[in-house]
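The structure appears right after this line, and notes come after that.
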Amino acid sequence: MEEIRIECPDIFDYEQCLAYLKRDENEVLFDIVDDKIYRAIKIDDIKLLLSISYERHYLIVEILNDISISPENTERLVNFIEEWFDFSADLSLFYQYGRKNEILEPLINELYGLRLIRIPDFFEAISWGIIGQQINLTFAYQLKKRLVESYGEKMTFENKSYYIHPTVDVISKITVKELMDLKFSRRKAEYLIDVAKIIHSQMLTKDMLLNMEDKVEIEKTLVNIRGIGPWAAHYVMMRSIGVKNAFPIGDVGLQNALKAILNLEQKPSKEQMIALNKGWEMWSSYATFYIWRAPYIKK
DNA sequence: AACCAGGTACCTA
DNA sequence: TAGGTACATGGT
């Protein structure tokens, strides 16, 4: 069996990352058993079933479905994992900056080593951004589960099923009614299928956004698409594009977490959010990710 | 039983 | 430009 070892960055806590990944029972794109992550992915059209575990500062990646892959594909696989766990970020810089902020300082201590878990698959990130709009996370996970199980590719290993997120190729060809049958609202069904068509036609690609210098330009490009507003644009920028200073200002979860941390009577206003963001501006994405975790820190 | 969920597009004035 | 509303459904 192939085994790949990936060295972790200095500041890295596998348990913190796992805790985030475990946040919902209905997650379908990976499974966690005994601190080992199981996930199906597709690389260069080859389906792989991976297990990922941690051992003395290395991630150990095993390919369970008895396939040997080329050196190029091994590199692609390593890139995927490193992107998923955001290994390229220099957390020492975030911490140095964030410790000066009274909201972030305790979070950095509690969550030390947590990395911003990314969504490398661009369409998966947009899909999740559209699904998550306005509804509670429980329902959002249910919708995603139905979408993935209906239209994603399935792998079976030792009597368990693993799914790969549906491709734009598949989703661009389905109907609004099919998604409404999965309890998507008509609007969300339209948004998702339309975005799939746009990406499928290459009018929008992840590379296109990665090559843009300016955050504002990326945001404008995303917001221009029906179904992606300011919140979803920033969400995709932080989770998939790797923008360091994205800030989903309208995010209710973020607002409620800040309300609790600051002991406010009401959720912070847009103006308050903008003011708070000044305290971590260069690192808004990480600040957001850490604040999202705040309600789950056990005292 | 209302009201709120990791919002957005669309309508009116 | 600003303000109001529908949207599908689950949790509290």
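Just so we're clear, the structure is a prediction, and the values are computed from it rather than from any experiment. Both backbone and side-chain heavy atoms feed into the values below; hydrogens, waters and symmetry mates do not. Proteins come first, then strands; the chains are lettered A, B, ... in the order of their sequence lines, and each starts at number 1.
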- Task: For A:Pro230, report the nucleic acid contact type (base, sugar-phosphate, nothing); a contact means any heavy atom under 4.0 Å.
- Result: sugar-phosphate
- Query: What is the distance, rounded to the nearest whole Å, between atom CD1 of A:Ile126 and atom C1' of B:dG7?
  - Reply: 15 Å
- Task: Nearest whole angstrom, please: distance from the P of C:dG11 to the CG of A:Leu143.
- Result: 12 Å
- Using distance alone, with no hydrogens and no angle criterion, decide if A:Arg76 and A:Asn73 have a side-chain donor and acceptor under 3.5 Å apart. yes
- Message: Salt bridge or not between A:Glu190 and A:Arg226? Use side-chain N to carboxylate O under 4.0 Å.
- Response: yes
- Atom-to-atom span, NZ of A:Lys188 to C1' of B:dA5 - whole angstrom: 10 Å
- Query: Which ranges of DNA chain B pair up as stems, where a stem means three or more consecutive Watson-Crick or G-U pairs with both distances under 3.5 Å?
  - Reply: B:2-5 with C:9-12, B:7-13 with C:1-7
- Item | Value in whole Å for how far the P atom of B:dC3 lies from CG of A:Asn256 | 17 Å
Pairs under 3.5 angstrom only: tabulate donor-acceptor contacts from the side chains of residues 204-213 of chain A to other protein residues two or more places apart or in another chain.
unit_1   : atom_1 : unit_2   : atom_2 : d
A:Thr205 : OG1    : A:Met208 : N      : 3.0
A:Lys206 : NZ     : A:Glu83  : OE2    : 2.6
A:Lys206 : NZ     : A:Pro120 : O      : 2.7
A:Asn211 : ND2    : A:Asp207 : O      : 3.1

- Give the rounded distance in Å between these two atoms: CD1 of A:Ile249 and P of B:dT8. 12 Å
- salt_bridge(A:Glu27, A:Lys22) N-O dist < 4.0 Å: no
- A:Glu75 atom CD, neighbour heavy-atom count above 12 within 6.0 Å: no
- Query: For A:Ile225 and B:dG7, what is the distance between atoms CD1 and P respectively, to the nearest whole Å?
  - Reply: 19 Å
- Task: For A:Ile228, answer base if it contacts any base atom (sugar-phosphate contacts may also be present), sugar-phosphate if it contacts only those atoms, and nothing otherwise; contact means non-hydrogen atoms under 4.0 Å.
- Result: sugar-phosphate
- Message: Considering every strand and a 4.0 Å limit on heavy-atom distances, what is the contact class for A:Gln133: base, sugar-phosphate, or nothing?
- Response: sugar-phosphate
- Query: Looking at A:Arg186, does any N or O in its side chain come under 4.0 Å of the phosphate oxygens OP1/OP2 on C:dA6?
  - Reply: no
- Rounded to the nearest angstrom, tell me the gap between atom CD1 in A:Ile131 and atom C1' in B:dG7. 14 Å
- Expressed in angstrom and rounded to an integer, what is the separation of A:Ile130 atom CD1 from C:dC7 atom P? 19 Å
- Item | Base C:dG10 to side chain A:Asn136, donor-acceptor N/O within 3.5 Å cut-off | yes
- Message: Donor-acceptor pair, distance only, cut-off 3.5 Å: does the side chain of A:Ser240 make one with the backbone of A:Ile119?
- Response: yes
- Pick base, sugar-phosphate or nothing for A:Ala140, based on heavy-atom distances below 4.0 Å to the nucleic acid. nothing
- Identify, between A:Thr138 and A:Ile135, the residue whose nearest nucleotide on DNA chain C lies closer to the 5' end. A:Ile135
- Map A:Gly132 and A:Tyr191 onto DNA chain B by nearest heavy atom, then report which one ends up closer to the 5' terminus. A:Gly132
- Base, sugar-phosphate, or nothing for A:Gln255, non-hydrogen atoms under 4.0 angstrom? nothing
